[in-house]
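Down below is the structure, laid out as structure tokens.
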There are 2 protein chains.
Amino acid sequence: MATPVDRRDVILERAADLFAKQGVAATTVREIAEAVGILSGSLYHHFASKDDIVDAIVSSFMDDLVTRYDAVMAADADPHGRLVGLVRASIATSADHPHATEIYQNDARYLQADDGPTIVRQSARSVRNAWIQVLEDGAASGAFRNDVPVKVVYPLLRDGLWLTARWFTPTRTYGYDQLAEDYVKVFVDGIAR
Amino acid sequence: MATPVDRRDVILERAADLFAKQGVAATTVREIAEAVGILSGSLYHHFASKDDIVDAIVSSFMDDLVTRYDAVMAADADPHGRLVGLVRASIATSADHPHATEIYQNDARYLQADDGPTIVRQSARSVRNAWIQVLEDGAASGAFRNDVPVKVVYPLLRDGLWLTARWFTPTRTYGYDQLAEDYVKVFVDGIAR
DNA sequence: TACCCTTCCAAGCGCTTGCTAGGGAGGCTA
DNA sequence: TAGCCTCCCTAGCAAGCGCTTGGAAGGGTA
């Protein structure tokens, strides 16, 4: 190779692409190897197992997400400001890890299983706590409506937010920033005029 | 058996349960057979293939959905009334086919593939058209805001709506009707107070 | 009783899966 | 030059996959 790229990173990138497109279970190690340009056995010089590859992809994504969420929660105490911050942080992370975002959505059950990676489970709980706290604070302070249970509002916000990874591709005129802005508009003020 | 239940229906029910929990690719025909209480080979007396089982589950779901959507679009011409109707129809269908709903969300890409079942692709287009029409009519008539593109609003509504199948289980005090009502509240009026 | 039809089992086929063992090529260090 | 380390290939194993074949059991019909 002309540029001394790290093979490990190339494997992670190609694997994430395939996992996102086909699902983890439907992607074979031979496919990953072929996408990299090596044979399947050679993957095992870099990773201990197929699961190990999945873990590396998702863990990196979750680490970034938690870091961004922590910054938002530390910088702002106002529920509305925090909500906007969390949305922007989520979409920014999704922009940085588009494949991982999709993998996490599609295979969440597999990843959150008891034998799944511990880091993922911990991060998932931390992420959930941030949202619940913001929504409950907002409902208590009067910033948000309190006639709909937080346990219902949160999943609606969450799923609409994260599944953007499935369908959204930024264009020159409509990027991630615009998406975040419009997302906030819809969920905070509704679609009624 | 005491009651002469149709074996085919039992197979569909158990298979749907497993597909929803584990994903289609991760569920084996041997698992399905074991859940029914027969051997894997015996499944092939009732179905031609594993894909055939998946198709039967999802097609039944999609048929019901399209029927309900057609009724809504025929009964109401007002965008807001149609929106409420589509939400209620979706959640009612989801209540009748909880497993199929989840399968469709998790394996949508697989099902919408070019070699997937034709009925599913047709139904998916029909469903999409209904939503787009309602949202565009509403934006044009002034019932809905028009500063956020319909191509963004629709996926947000859709994903938040359909992924309820992943997390929602009705209780005695909070059922599908209540969920539909709250869903409309959030998306139409927003969470701000 | 004789026949048929439905439903299932027993056995296994051909193939793919994730993964492993052993070795070779090339570069770096001493 | 000698030795080592990194990275990859060749070859293949054991297990599991979807699916097929041939036949047996049992009930319904005549």
Side-chain angles (χ1 to χ4, degrees), chain A residues 1-59 99 103 106-107 109-111 113 115-117, chain B residues 1-59 103 106-107 109-111 113 115-117 120:
Chain A
M1 293 275 180
T3 51
V5 289
D6 190 354
R7 253 292 148 75
R8 189 185 154 93
D9 290 340
V10 175
I11 293 171
L12 287 176
E13 187 188 303
R14 309 274 194 237
D17 184 39
L18 290 167
F19 288 153
K21 276 184 190 147
Q22 312 176 344
V24 172
T27 301
T28 68
V29 294
R30 283 173 177 81
E31 283 179 299
I32 299 170
E34 193 187 10
V36 176
I38 59 179
L39 289 186
S40 68
S42 306
L43 289 175
Y44 291 83
H45 174 73
H46 302 276
F47 296 94
S49 68
K50 180 183 170 183
D51 276 355
D52 200 27
I53 300 178
V54 180
D55 291 359
I57 293 168
V58 177
S59 296
H99 298 319
I103 294 166
N106 294 336
D107 295 78
R109 208 162 231 151
Y110 159 79
L111 291 162
D115 57 344
Chain B
M1 291 276 180
T3 51
V5 288
D6 191 354
R7 252 292 148 75
R8 189 187 153 94
D9 290 341
V10 175
I11 293 171
L12 286 176
E13 187 188 302
R14 310 272 194 236
D17 184 38
L18 290 168
F19 287 154
K21 277 184 189 147
Q22 312 176 345
V24 171
T27 301
T28 69
V29 294
R30 285 172 177 82
E31 282 179 299
I32 298 170
E34 193 186 10
V36 176
I38 58 179
L39 290 187
S40 68
S42 307
L43 289 175
Y44 291 84
H45 174 72
H46 303 275
F47 296 94
S49 67
K50 180 184 169 183
D51 275 356
D52 201 27
I53 301 178
V54 180
D55 291 359
I57 294 167
V58 177
S59 296
I103 294 165
N106 295 336
D107 296 78
R109 210 163 231 153
Y110 159 78
L111 292 163
D115 57 343
V120 171

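A, B, ... follow the sequence lines: proteins, then strands. Residue 1 opens every chain. As the structure is a computational prediction, the values presented were derived from the model and not from experiment.
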Is there a side chain to side chain contact (heavy atoms under 4.5 Å, CB included) between A:Phe19 and A:Ile53 once you walk through the steps? CA-CA 10 Å; A:Phe19 288 153; A:Ile53 300 178; 4.1 Å; yes
Nearest whole Å is fine: how far is C:dG18 C1' from A:Ile32 CD1? 11 Å
Taken to the nearest whole Å, CD/A:Glu31 to C1'/C:dT16 is 11 Å
Atom pair NE2/CG of A:His99 and A:Leu12 - distance to nearest 0.5 Å: 11.5 Å
N/O to N/O distances under 3.5 Å, protein versus nucleotides 7-13 of chain D:
from	atom 1	to	atom 2	distance (Å)
D:dC7	OP2	A:His45	NE2	3.2
D:dC8	OP1	A:Arg7	NH1	2.0
D:dC8	OP2	A:His46	NE2	2.6
D:dC9	OP2	A:Leu39	N	2.7
D:dC9	OP2	A:Ser42	OG	2.8

CD on A:Glu31 to CG on A:Leu18, rounded to 0.5 Å: 6.0 Å
Between D:dC17 (P) and B:Gln22 (CD): distance, integer Å: 11 Å
Would you give the length of the straight line joining atom OG1 of B:Thr28 to atom CD of B:Gln22, rounded to the nearest 0.5 angstrom? 8.0 Å
CZ of A:Arg8 versus P of D:dT6: gap in Å, rounded? 15 Å
dist A:Lys50:NZ -> A:Leu43:CG (nearest 0.5 Å) comes out at 11.5 Å
Spacing of B:His46 atom NE2 and B:Ile38 atom CD1 [to the nearest 0.5 Å]: 5.5 Å
Please check the phosphate of D:dT20 (OP1 and OP2 only) for any side-chain N or O of B:Tyr44 closer than 4.0 Å. no
Nearest-angstrom distance from the residue atom CG of A:Asp52 to P of C:dT20: 12 Å
